[in-house]
Peer 1: 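Supplied in structure tokens, the structure appears directly below.
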Amino acid sequence: MILTLLKSRFADALSGIADDPAQLLDMIKSSQDPKFGDYQANCAMPLGKKLGQPPRDIAAQIVERLDVADFCEPPEVAGPGFINLKLKEEWLTEQVNGILVDDRLGVTPVSEPKHVVVDYSSPNVAKPMHVGHLRSSVIGDAICRILRFAGHKVTSDNHIGDWGTQFGMIIYGYKHFVDQAGYEEDPVGELARLYRLVNQLSDYHAAVNSLPDLEQKLSAAQQALTTAEAGGEPKDKSEKKQRKALRKSVSGLEQQVGSTRKIMEAVRSSPVVSSAADEHPDIARLARLETSKLHAGDKENLKLWNEFLPACLSALQSVYDRLDVSFDLTLGESYYNPMLADVVSSLQEKGLARESDGAQCVFVEGNDAPFIIQKSDGAFTYATTDLATIQYRVKELGADEILYVVDKRQSEHFNLLFQTCQLWGFEDLKCQHVSFGTVMGDDNKPFKTRSGDNVGLESLIDEAVSRAAEIVAENDDKRPEPWLDADARAAVSEVVGSGGIKYADLHHNRDSDYKFSWDKMLATNGDSATYMQYAFARICGIFRRAETTRAFVREAGAAVRISTPQERALVLQLLSLGEAIQTALTDYRPNILCDWLLSTAERYSQFFDKCPVLKADSEELKASRLSLCELTARALELGLRLLGIKTAEVL
RNA sequence: GCCCCGAUAGCUCAACUGGAUAGAGCAGCGGUCUUCUAAACCGCAGGUUGCAGGUUCGAGUCCUGCUCGGGGUACCA
């Protein structure tokens, strides 16, 4: 890696000037602007400050001692003390020719591989996956792929919710409302219907119970607000704040009352549902009871659970197949059930857990809320399961590090979990909550259908693929003679559609919320999956035109020669994959790799525009450019594959 | 109340964890196809990085206060 080489030379140059060069070496990076060269070292400024000398003098001293003449032009000192480095073209040529037949594009595996367990996707199996599971699945899968490529041992684990309250709900639903014919025809669809129904009915009764109280609170708040707005000093700061808080609580209550009424109306508007509601007034408690019966080993419920689970799992699997997302393990909550009691007693023995309001809690310094590991009714919580899971992953799997690719709203839970885990004795384990933001709709609220339901993941994929199909067809129809038959169009649509979904998610910084947009997702230009897939397909087109194959060109191994700025820029880009991967992994941000791919595709498009391959000036140049094309194709293919995105030879 | 997170071009988002003149893509305007896929390329225009201070050679990035928005906050996961 170029950066590694530079760092080692700078380490030599800095020894004797600085006592702790590690931090300074991190200040060497690729230049943002080509006019500053290819790489820049920013370490002279902090060093100058530390030594009390002008940074430019320090920079000059470093340059004096720096031995990079074998691969760089003479370094230049600029501005306050930046050291700008430009790589020699002969050296770049040598480097690129060194990776012509390398599947890894010169990226060497890490010297100290870790065993990383990656926990992602983790849906509740009782209900169909929705758009909320997309980010976790796609980001988690990409991180696994990148980690593996970097040389780490990865265990991907789908920590499915297969043991919680939602199972009590479908068991209750099955016992009272099942449509046997529907269940036999489509078990998962019927179970999902039952889940929604039971959920709706318990929400209904909760709504009926809470409405009077809510209305009372609302009118009290409204009254308080009116009083506050009428009297008092308009400019008084604390009163202003108070009014603001009141307004907020009024609008919050209004919303609550509104949604509560909506829940009631929805039930009342359907005679069937309405009478079901009347016949099952205690449904919420009874559904919970089914859950605890299941946990206690009740024969009938366990039998139903064993019957439901395979069907639910296979429904999940079909979505994962479609997304090309896979797992080494699928160990759900039920797997850890037998270990939970020991977790609690172990924490009690160590004096970490104690009783509070009837529940077993771990209190972690600096946190008001306790970490509840056993509820007052004796049931365990997901905190308990998560602790048992950590224990299992360390002791049985030998994990060095665990990543949780989970919604950022759960950060407090993970804070408590990780701190408890430290106290419990897993000091050497590194845990990280790889958090991500919410997928928003046009209204800047979480992405929902018009009726307010979650968007099903399967229908989302279907929609993406069918929109992609239109684009593919439209584009192919523009040609004098279409290139694609119906089967090929369908295959390409799948690649473009699912690639679009994934890239749209991955190219955002995972921590930010992003607004869902079909148009952006399936944009055929700009920062989109299609842009890169298109660059790849154009390369394949050249090989077809040349009546040769990528394998043949690769085998021939003609040397790359740099003859234009476009070729230089492309070569430099291709040599920087290792850096992109390293940066992407420092904080598990796949968007860094997206940037690298975009930049690679851009530079290829520029090359494609300015540098004829088949009509190059000489046979030698043609061979050189064919080699460069083959290498770029491999780079795009590899980079996209690390994100879980496929390519097609013809678009 | 307390605790987190965010506010960057008209829109959607970046910004390699403190580096040079804050970048892309859309949308807008203008150029480039008898030549390897125009799903492309090139150019123009677009900014007081929410506000006010502070830290330093240097701040979108760190600190303090404020405004606005989002999320969380004891037995759902």
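Every chain is numbered from 1 and lettered A, B, ... according to where its sequence line falls, protein lines coming before strand lines. For the numbers below, each heavy atom of this structure counts, side chains included, while hydrogens, waters and symmetry mates do not.
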Peer 1: Looking at B:C41, B:C16, B:A74, which one has an atom nearest to any side-chain atom of A:Thr583?
Peer 2: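 Side chain of A:Thr583 sits closest to B:C16.
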Peer 1: For B:G53, what is the paired nucleotide under Watson-Crick or G-U wobble rules, both distances under 3.5 Å?
Peer 2: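 In the structure as shown, B:G53 has B:C63 as its Watson-Crick or wobble partner.
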Peer 1: Out of B:U37, B:C4, B:U17, which nucleotide sits closest to the side chain of A:Ser411?
Peer 2: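 For the A:Ser411 side chain, the nearest candidate turns out to be B:C4.
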Peer 1: Rounded to the Å, how far apart are A:Arg510 CZ and B:G6 P?
Peer 2: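 Rounded to the whole Å, the gap is 12 Å.
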Peer 1: At under 4.0 Å between heavy atoms, how does the protein contact nucleotides 21-36 of chain B? Give one character per nucleotide, 5' to 3', with B, S or -.
Peer 2: B---SS--------SB
Peer 1: For B:G18, give the paired nucleotide (Watson-Crick: N1-N3 plus N6-O4 or O6-N4; G-U: N1-O2 and O6-N3; both under 3.5 Å), or none.
Peer 2: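 Pairing partner, where one exists within any strand: none, as none qualifies.
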Peer 1: In this structure, how many angstroms lie between the P atom of B:G71 and the CG atom of A:Asn444, rounded?
Peer 2: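 Atom-to-atom, A:Asn444 to B:G71, this comes out as 11 Å.
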Peer 1: In whole Å, what separates the P atom of B:A45 from that of B:C3?
Peer 2: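 Each nucleotide's P atom is 47 Å from the other's.
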Peer 1: Can you tell me the Watson-Crick or wobble partner of B:G1, both distances under 3.5 angstrom?
Peer 2: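 Answer to the pairing question: B:U73, which forms a Watson-Crick or G-U pair with B:G1.
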Peer 1: From the options B:A39, B:U73, B:A40, select the nucleotide whose nearest atom is closest to the side chain of A:Lys478.
Peer 2: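 Selected nucleotide: B:A39.
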Peer 1: In whole Å, what is the span from the NZ atom of A:Lys29 to the C1' atom of B:G19?
Peer 2: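 My rounded result for the distance is 7 Å.
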Peer 1: Would A:Phe82 count as stacked on B:A20 if the rule is ring centres under 5.5 Å and plane angle under 30°?
Peer 2: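 Check passed, A:Phe82 stacks on base of B:A20.
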Peer 1: Counting only pairs under 3.5 Å, give me each side-chain donor-acceptor contact of residues 537-547 of chain A, with atom names and distances, residues two or more places apart or in other chains.
Peer 2:
from     : atom 1 : to       : atom 2 : distance (Å)
A:Arg544 : NH1    : A:Glu649 : O      : 3.4

Peer 1: Just how far, in rounded Å, is C1' of B:G19 from CE of A:Met27?
Peer 2: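 A:Met27 atom CE is separated from B:G19 atom C1' by 7 Å.
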Peer 1: Whole Å only: how far is the CG atom of A:Asp368 from the P atom of B:C4?
Peer 2: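 Atom-to-atom, A:Asp368 to B:C4, this comes out as 11 Å.
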Peer 1: Across all strands shown, which nucleotide pairs with B:G6 by Watson-Crick or G-U wobble geometry, both distances under 3.5 Å?
Peer 2: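 Base-paired to B:C68.
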Peer 1: Measure from CD on A:Gln32 to P on B:C16 and round the result to the nearest Å.
Peer 2: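 Answer to the nearest Å: 8 Å.
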